[in-house]
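Below you'll find the structure, written out as structure tokens, and then a few comments.
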Amino acid sequence: MKKLKKVNDPIYGFITIKSELLFSIFNHSYFQRLRRIRQLGLSELVYPGATHTRFHHALGATHLMGEALDHLKEKGIHINDVEYESAQIAILLHDIGHGPFSHALEYSLIKGITHENISLQFMKMLNKEFSGQLDTAIAMFKNSYKRKFFHHLISSQLDVDRLDYLNRDSYYTGVSEGNISVDRIISHLDVIEDEIVVEEKAIYSIENFLNARRLMYWQVYLHKTALSAERMLVHLMSRAKEVHSLDNISPALKYFLENDFTLEEFQENPEIVHQFSKLDDSDIWHAIKVWENNKDKVLKNLSQRILQRDLFKIKLGNEPLKKADINTLKGKIAQEFNLLNKEAAFFISHGEVTNSAYVLGGKSIKIITKKGHLMDVTQAADLPNIKAMSKIVKKYYLCLPKNVSLSIIATIIILYGV
């Protein structure tokens with residue numbers, strides 16, 4: 001490029017976009033759409049500063065990928081220009097398949113199709129548009145590239161994706177526990193036997209990284225108020241699909257409310273991906289404002305509650321409710337709010353959430369000792385709490401309207417023990 005392109009980022013300062021191809025993809029409408037998708041969905045209802053977007057995160061992760069590759073090259077790891085550019089493209093586009101409100105609507109508006117699946121379809125369409133220049137990036141993203149460590153930097157238990165979102169989400173939410181030593185971790189990465197490893201001297205930074213991830217999940221990603229809001233939004237979209245309230249909403253949202261597409265259809269029909277590229281948070285907010293005056297009382301009530309932040313109360317427990325107990329609660333809600341039983345189902349939500357900072361096995365975090373021995377981070381010295389972090393913590397939630405009668409509250413206490 002005649003002139004390197006720079007973008008000012010509140011976390012890292014000026015970020016340099018190092019190639020013409022990367023800059024062309026950066027400016028493409030598919031990627032620019034991420035400016036209109038919040039990174040943390042409805043978490044701003046808990047943390048008012050959490051209004052940053054997937055665009056911010058993707059750009060930050062791309063910067064960290066460049067930093068990681070530069071450090072590896074300094075240590076003698078050969079990385080050619082195509083590999084360097086492709087790894088940055090892969091991480092720039094890793095979240096391009098997210099729909100409105102990020103994870104909140106991943107399994108309701110688009111059922112059974114993950115954002116990673118859709119990201120891959122976007123990459124394939126861009127690859128066709130850019131005459132096959134994304135071949136290597138796609139191979140790295142899919143973990144089919146011959147040098148596996150590139151994929152580990154894109155997707156693993158210690159990837160640049162996690163390094164960026166922990167620091168970025170910590171910054172925007174104000175939850176300081178998520179702050180990690182990104183520079184120190186990246187400067188102590190190495191490649192051994194085609195795997196990303198961490199030098200032993202950075203082991204305490206890894207401990208802090210895993211602990212920060214555990215705390216951020218409970219305090220931010222699985223915060224019970226944000227979880228309640230997201231469950232309400234999921235029920236709202238499900239009801240909209242059911243009653244076909246499609247007037248005065250955006251064509252893109254109407255397209256996906258009218259149809260349930262399979263992954264195979266996404267893969268075979270570029271028009272579906274193109275329509276998805278027009279969908280973002282603003283489509284949902286506009287629809288909610290339209291539906292607050294809808295004749296369907298479920299749609300109207302849920303829309304009004306979300307707009308007014310009149311969120312469902314949420315209770316967490318150690319045991320799941322039985323189906324018969326849920327039906328009891330539905331019956332009481334139907335009676336109190338003058339609803340049919342099938343309508344009352346939209347005013348109660350239950351399920352489970354899990355939190356594990358580190359998963360044993362799989363793409364584990366490897367430590368290289370000063371003597372050259374490789375070991376899993378859980379086996380490293382002075383880290384007794386890492387094994388505790390690897391334990392999966394599971395909690396069960398129950399959401400329902402705040403303004404329920406004392407009789408329903410009493411039933412909850414009896415059934416749920418809260």
Quick check against the 3.5 Å criterion: does [X] have a side-chain atom that pairs as donor or acceptor with the backbone of [Y]?
{"X": "Tyr358", "Y": "Ile365", "value": "yes"}
{"X": "Asn167", "Y": "Ile180", "value": "yes"}
{"X": "Gln88", "Y": "Thr62", "value": "yes"}

**Message:** Assess whether a salt bridge exists between Glu242 and Lys342, defined as any Lys/Arg side-chain N lying under 4.0 Å from an Asp/Glu carboxylate O.
**Reply:**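 The answer is no: the pair does not qualify as a salt bridge.
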**Test applied, side chain to side chain contact (heavy atoms under 4.5 Å, CB included); reference residue, Gln39; option that passes from His56, Arg168, Arg54** =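 Looking at His56, Arg168, Arg54, the match for Gln39 under the side chain to side chain contact (heavy atoms under 4.5 Å, CB included) is Arg54.
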**Prompt:** Among Asp281, Asp95, Leu279, which residue meets the side chain to side chain contact (heavy atoms under 4.5 Å, CB included) test with Ile37?
**Reply:**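 For Ile37, the side chain to side chain contact (heavy atoms under 4.5 Å, CB included) check succeeds only for Asp281.
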**Prompt:** Is Lys295 close to Lys300 at the side-chain level, that is, under 4.5 Å between some pair of heavy atoms?
**Reply:**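 No. Closest side-chain heavy atoms not under 4.5 Å.
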**Asked** How far apart are the closest heavy atoms of Leu34 and Thr53, and which atoms are they?
**Response**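 Between these two residues, the closest heavy atoms are O-CB, 3.4 Å.
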**Prompt:** Hey, mind stepping through His52 and Asp169 against side chain to side chain donor-acceptor pair (under 3.5 Å) and telling me if it holds?
**Reply:** CA-CA 8 Å; His52 57 303; Asp169 296 346; 2.7 Å; yes
Describe, in one word, how the ring planes of [X] and [Y] are oriented to each other, choosing from parallel (under 30°), tilted (30 to 60°) and perpendicular (over 60°).
{"X": "Phe256", "Y": "Phe261", "answer": "perpendicular"}
{"X": "His28", "Y": "Tyr30", "answer": "tilted"}
{"X": "Phe55", "Y": "Phe26", "answer": "tilted"}

**Derivation of the side chain to side chain donor-acceptor pair (under 3.5 Å) call for Tyr255 and Lys278** = CA-CA 10 Å; Tyr255 184 79; Lys278 298 180 180 181; over 6 Å; no
**Reported CD1-to-CD distance for the pair Ile113 and Glu265, which is rounded to 0.5 angstrom** =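 The distance works out to 8.0 Å.
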**Prompt:** When rounded to the nearest 0.5 angstrom, what distance separates NZ in Lys330 from NE2 in His350?
**Reply:**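 Reported to 0.5 Å precision, the distance equals 6.0 Å.
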**Request:** Check the pair Asp161 / His94 against side chain to side chain donor-acceptor pair (under 3.5 Å), numbers first and verdict last.
**Result:** CA-CA 9 Å; Asp161 174 28; His94 79 285; 3.2 Å; yes
**Message:** Between His152 and Asp194, is there a side-chain donor-acceptor contact under 3.5 Å, judged purely by atom types and distance?
**Reply:**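 No donor-acceptor contact under 3.5 Å links the two side chains.
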**Request:** Tell me, yes or no, whether the heavy-atom count around Lys224 atom NZ, taken from other residues, nucleotides or ligands under 6.0 Å, exceeds 12.
**Result:**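 Incorrect, the count does not exceed 12.
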